[in-house]
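Structure record follows, encoded as structure tokens.
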Number of protein chains: 2
Amino acid sequence: MEHRKISRAVISRLPRYHRYLGDLLEAGVERISSNDLSKKMNVTASQIRQDLNNFGGFGQQGYGYNVKYLYTEIGKILGLNKTHNFIIIGAGNLGQALANYASFEKSGFILKSLFDVNPRLEGMSIRGIQVRMMDELVDFLQNNEIEIAALTIPKSKVVEVADLLVANGIKAIWNFAHMDLDLPKDVIVESVHLSDSLMQLSYNISRRKEAKKK
Amino acid sequence: MEHRKISRAVISRLPRYHRYLGDLLEAGVERISSNDLSKKMNVTASQIRQDLNNFGGFGQQGYGYNVKYLYTEIGKILGLNKTHNFIIIGAGNLGQALANYASFEKSGFILKSLFDVNPRLEGMSIRGIQVRMMDELVDFLQNNEIEIAALTIPKSKVVEVADLLVANGIKAIWNFAHMDLDLPKDVIVESVHLSDSLMQLSYNISRRKEAKKK
DNA sequence: TAGATTGTTAATCGATTAACAATC
DNA sequence: TAGATTGTTAATCGATTAACAATC
């Protein structure tokens, strides 16, 4: 099977398709045309068809797309048909927030442990998942199949911890630190930069105000 | 002053420039060329110069860019030279995590209050900032200049709350709910979809595995 | 002045949209 | 069959990169 290169732009839209199809499925909708979906999602029908056809022909002429089927197929593309074990490094507020966010589990992301340096958190558990101390990390990684590590630790610690994780076989990092990670290219890094997001909001506020002045 | 339309792509890169320039500033670097910065940031020098020239000529031929000046100017473009009061709706884990993230304050984002429906949180405060009950919200908005509302509440409540906020003059929403908001177009919405981000990570893991099979 | 590096125009590349033949 | 709607090719649009004259 030959795969053409899928662009970043397309990939970034897949979760959104998945989300809308999930909503339609819950609402009991059986089929939908690219045109109807495009109106709901505020994109062009053309883009939807182009995006989907990167992965195969999921629709049927004259009918549209079967919601349940398309939802499942996009799920597979996104890897949601498999489970992914993950850990959280940094059991502060953000780490705990992620740990409590049970929805991830529905998509197959299973939290196996949290880690922290703070001895006050020792022995604590969240939704039944234990918080461990950082010095147990290497041992834990050797005895558990962990795929993803979420980093909710301060910028100053992140390089050291990421190196440790990579040295122990972690191949995917979900990075919340306010910093880009420079890791071997077989390690996948997905960063969530909250302050970048807030700054974009602020940019738009400023621009709006300027426009009003005129 | 005439402004050409700035593309979303450019805007989304500004916070990252700002971050790198901040780091350089802290490291005591006085000036930097687009070429040196491009190597640090893994983008082309051409792109840096193009991006910056959307907003004006901040550099000097034969010299490069003054780090402090450029940092300040990008800060202004992003609206970081002004303070922005904000509130958090939903004082659960994520809301508390944001409230505790003091770095926002350094960029001029001042948290004025949190709101929740949970009576157990009544009277609580975080970094000296009070958690209030939702029925105090409208009154609070009328008596305080609030620019931004961060929504860290469940999907099921988000439409209702967003409408209430907009009805009471909020013009900028930082949305963490797993849902797109459809609001009047004079309201700025910036969404952080954590599960979308996790799914992109998962997509890349799956693709990596497929490639290995061959 | 000579060297460096910007600002900016032109060329290229990629992504989005339009159009329509294929087909259910 | 006629109508609807996909899959896909072609056209357009926009964003990135390359090149270089301007200038510090």
Side-chain angles (χ1 to χ4, degrees), chain A residues 1-17 20-21 24 29-74 77 200 203 207, chain B residues 1-17 20-21 24 29-74 77 200 203 207:
Chain A
M1 193 163 61
E2 204 222 331
H3 279 285
R4 63 191 120 168
K5 170 96 170 91
I6 314 287
S7 79
R8 226 184 143 56
V10 174
I11 298 157
S12 73
R13 284 192 291 266
L14 291 178
R16 190 156 178 262
Y17 290 136
Y20 274 82
L21 287 162
L24 286 167
V29 178
E30 220 173 67
R31 68 192 184 94
I32 191 153
S33 68
S34 56
N35 202 253
D36 288 353
L37 188 58
S38 81
K39 277 176 203 145
K40 272 194 189 302
M41 295 186 66
N42 254 320
V43 296
T44 62
S46 222
Q47 180 165 77
I48 293 175
R49 296 205 299 276
Q50 284 278 27
D51 283 354
L52 297 178
N53 276 90
N54 280 299
F55 304 97
F58 299 128
Q60 197 167 71
Q61 282 97 331
Y63 172 87
Y65 298 88
N66 178 286
V67 171
K68 190 171 185 180
Y69 175 68
L70 188 55
Y71 176 76
T72 311
E73 288 304 309
I74 295 181
I77 294 165
Q200 282 183 59
Y203 169 85
R207 207 188 38 155
Chain B
M1 193 161 64
E2 204 222 331
H3 278 284
R4 64 191 120 170
K5 171 96 170 92
I6 313 289
S7 80
R8 228 183 140 57
V10 174
I11 297 158
S12 72
R13 284 192 292 266
L14 291 178
R16 190 156 178 262
Y17 290 136
Y20 274 82
L21 287 163
L24 286 168
V29 178
E30 221 172 68
R31 69 194 185 92
I32 192 153
S33 68
S34 57
N35 202 255
D36 288 353
L37 188 58
S38 82
K39 277 176 203 144
K40 272 193 190 301
M41 294 187 67
N42 254 319
V43 295
T44 62
S46 223
Q47 181 165 75
I48 294 176
R49 296 205 298 278
Q50 285 277 28
D51 283 354
L52 297 179
N53 276 91
N54 280 299
F55 303 97
F58 299 128
Q60 197 167 72
Q61 282 96 333
Y63 172 87
Y65 297 88
N66 179 285
V67 171
K68 188 170 186 182
Y69 174 69
L70 188 55
Y71 176 76
T72 310
E73 288 303 310
I74 295 181
I77 295 165
Q200 282 183 59
Y203 169 85
R207 206 187 39 153

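Just so we're on the same page: letters track the sequence lines, and every chain starts at 1.
In this model, the phosphate group of C:dT17 is approached by a side-chain N or O of A:Thr44 to a distance below 4.0 Å at OP1 or OP2. Here B:Arg49 does not reach the OP1 or OP2 of C:dT9: none of its side-chain N or O atoms lies under 4.0 Å away. Distances shorter than 4.0 Å separate some side-chain N or O of B:Ser34 from OP1 or OP2 on C:dT6. In terms of phosphate contacts, B:Gln61 brings no side-chain nitrogen or oxygen within less than 4.0 Å of OP1 or OP2 of D:dA22. Under 4.0 angstrom from either OP1 or OP2 of D:dG7 there lies at least one side-chain N or O belonging to A:Tyr65. The phosphate of D:dT16 (OP1 or OP2) has a side-chain N or O of B:Arg13 nearer than 4.0 angstrom.
Regarding B:Leu52, its CG atom lies at a distance of 8 Å from the P atom of C:dG7, rounded to whole Å. The nearest whole Å value for the distance from the CD atom in A:Gln50 to the P atom in C:dT17 is 10 Å. A:Phe55 has its CZ atom 14 Å from the P atom of D:dG7, to the nearest Å.
Taking the side chain as every heavy atom from C-beta outward, B:Arg13 and B:Gln47 approach each other to under 4.5 Å. Contact of the B:Leu14 side chain with the B:Asp51 side chain is not registered, since no non-hydrogen atoms from C-beta on lie closer than 4.5 Å.
The side chain of A:Gln47 lies closest to C:dT16 when the candidates are D:dT16, C:dT16, C:dT8.
Taking all atoms of both residues into account, the shortest heavy-atom contact from B:Phe58 to B:Leu52 is CE1-O, 3.8 Å. Considering all non-hydrogen atoms of both residues, A:Ile77 and B:Tyr203 come closest at O-CD1, 3.3 Å.
As judged by a 4.0 angstrom heavy-atom cut-off over every strand, B:Ser46 is placed among the base-contacting residues. In this structure, A:Arg8 reaches neither bases nor backbone, as no heavy-atom distance under 4.0 Å exists between it and the strands shown.
Checked by distance alone, B:Gln60 brings no side-chain donor or acceptor within 3.5 Å of a matching partner on the base of D:dT23.
Expressed to the nearest 0.5 Å, how far CG of B:Leu24 lies from OH of B:Tyr17 amounts to 13.5 Å.
Across all strands shown, the partner of C:dA22 is D:dT5, judged by Watson-Crick or G-U wobble contacts whose two distances both fall under 3.5 Å. When Watson-Crick and G-U wobble pairs are counted only if both distances are under 3.5 Å, D:dA10 pairs with C:dT17.
Mapping A:Ala9 and B:Asn35 onto DNA chain C by nearest heavy atom places B:Asn35 closer to the 5' end of the strand.
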